[in-house]
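Working notes for the structure below.
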Number of protein chains: 2
Amino acid sequence: MAIFSKTCEYALRAVFYVAQRSHEGYKVGIKEIAEQINSPEPFLAKILQRLRKEGLIQSVKGPSGGFYFDAASLNRPLADIVTAVDGDAIFTGCGLGLTDCSESNPCPLHEDFKKVRNQITSMLNHTPIGKFNLGLIKGKFSLNK
Amino acid sequence: MAIFSKTCEYALRAVFYVAQRSHEGYKVGIKEIAEQINSPEPFLAKILQRLRKEGLIQSVKGPSGGFYFDAASLNRPLADIVTAVDGDAIFTGCGLGLTDCSESNPCPLHEDFKKVRNQITSMLNHTPIGKFNLGLIKGKFSLNK
DNA sequence: GAGATAAAAGATAAAAATATCGTTTATTAA
DNA sequence: TTAATAAACGATATTTTTATCTTTTATCTC
């Protein structure tokens with residue numbers, strides 16, 4: 001089990017790649033994205049369609065078209081992407097899968113998981129999509145293996 | 001997406017319930033466990049079979065049989081249960097799903113996820129199966145909704 | 001030892017997540 | 001205004017996870 005679904009992992013990797021290229025002034029085609037982040041192209045296309053419908057990423061059709069982020073979108077937090085793809089289970093869900101777990105009706109791991117969730121939530125809320133652009137351009141980070 | 005698979009959530013809830021009952025001196029039948037933790041009985045049976053094969057839980061067949069933990073097993077860490085069911089992805093996997101992510105070839109979120117993973121790992125390694133027995137007996141914790 | 005009980009095992013089934021394909025629509029550039 | 005390009009859309013396929021059912025085996029009680 002991972003923190004995010006496979007779908008969300010692809011989404012985040014794609015987001016980082018498109019953000020980097022947007023920072024450099026380019027739009028990117030789905031084929032290039034899929035190659036660069038090592039994901040199945042048609043599946044990734046579906047994911048980006050969803051993000052686009054939610055207004056989280058921009059795209060234009062036709063020659064010299066592709067996906068990109070405008071300035072405002074580059075500043076959105078990663079949490080928006082995660083929520084769009086995986087919902088808010090990672091932010092609010094019980095670690096043991098209970099539906100009514102809460103302060104007043106806690107599972108045994110409630111306090112422990114609260115810390116973990118808070119850390120993940122804080123990280124995703126405070127990390128803008130474009131945060132790693134310079135690092136990616138400098139080749140400091142990997143997105144493909 | 002959750003931290004653990006549904007299978008693992010059931011496993012942990014069942015483990016807590018059986019641990020509590022073992023502490024009280026009882027063995028528990030699969031039917032009672034499934035009822036008390038609100039899980040599908042035959043599915044849970046498969047899960048407990050796996051744990052039993054790995055020696056993480058004990059069981060006896062026949063009348064007045066059922067599942068239980070011996071003293072040594074009650075002191076094992078939750079990490080053993082999680083590893084048996086979900087493998088070690090939660091402890092070692094890359095947050096973005098990369099296979100070769102490491103200190104020398106990091107994904108953009110590598111440092112952030114290291115903190116999250118370390119916290120989860122530490123928690124699961126330092127929490128023995130029997131830790132919540134008294135709290136459960138006193139009704140302080142919920143396992144069923 | 002016979003009958004009852006409860007877990008183990010094996011074969012399936014259903015649902016959800018992941019992945020693919022063919023066609024359509026929008027946009028651009030010539 | 002046409003040809004080429006690239007995303008959008010809709011239908012379908014595959015794989016994995018989750019769940020069920022039936023039969024078998026072990027153990028206890030009498």
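The structure displayed is predicted, hence computed values, not measured ones. Lettering follows sequence order; numbering is per chain, from 1.
Ring pair A:Phe4/B:Phe113: centre-to-centre distance below 6.0 Å.
Atom-to-atom, CD1 of B:Ile37 to P of D:dT18 comes out at 14 Å; the value is rounded to the nearest Å. For B:Asp86 and D:dT16, the CG to C1' distance is 13 Å, given to the nearest whole Å. In this entry the distance linking CD1 of B:Ile30 with P of D:dT22 reads 18 Å, nearest Å. What separates OH of B:Tyr68 from P of C:dA7 is a distance of 12 Å, to the nearest Å. Between B:Ile47 atom CD1 and D:dT17 atom P there is a gap of 13 Å when expressed in whole angstrom units. Atom-to-atom, CG of B:Leu48 to P of D:dT20 comes out at 15 Å; the value is rounded to the nearest Å. Rounding to whole angstrom units, CD of residue B:Gln49 and P of D:dT20 are separated by 15 Å. For the pair B:Lys31 NZ and D:dC21 P, the interatomic distance rounds to 14 Å; values are reported in whole Å.
Here the side chain of A:Arg13 pairs a donor or acceptor atom with the backbone of A:Leu143 at under 3.5 angstrom.
Within the structure, every pair that satisfies the side-chain hydrogen bond (donor to acceptor under 3.5 Å, both in side chains) test and touches residues 78-90 of chain B, not counting sequence neighbours, is listed here: B:Ser5-B:Asp86, B:Arg76-B:Asp80. A ring-ring contact (aromatic ring centres under 6.0 Å, His included) check over residues 33-53 of chain A, counting only residues at least two apart or in different chains, returns the pairs A:Tyr10-A:Phe43.
Applying a 4.0 Å cut-off to non-hydrogen atoms, none of the residues of residues 3-20 of chain A approaches DNA chain D.
Side-chain N/O atoms of A:Ser122 and A:Asn125 include no donor and acceptor closer than 3.5 Å.
Using a 4.0 Å heavy-atom criterion, one finds that A:Val28 contacts the sugar-phosphate atoms exclusively.
With sequence neighbours excluded, no residue forms a side-chain hydrogen bond (donor to acceptor under 3.5 Å, both in side chains) with B:Arg50. Here B:Arg117 pairs with nothing under the salt bridge (charged side-chain N to carboxylate O under 4.0 Å, His left out) rule; sequence neighbours left out.
Taking the side chain as every heavy atom from C-beta outward, A:Gln49 and A:Glu54 never approach each other to under 4.5 Å.
Here A:Lys53 reaches the OP1 or OP2 of D:dC9: one of its side-chain N or O atoms lies under 4.0 Å away. OP1 or OP2 of D:dA7 has not a single side-chain nitrogen or oxygen of A:Arg52 nearer than 4.0 Å.
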If the sugar-phosphate is the primed atoms plus P, OP1 and OP2 and the base is the rest, what is the B/S/- string for nucleotides 20-30 of chain C, using protein heavy atoms under 4.0 Å? B----BBBBS-
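Here the straight-line distance linking atom CZ of A:Phe67 with atom CG of A:Leu44 works out to 7.5 Å at 0.5 Å rounding.
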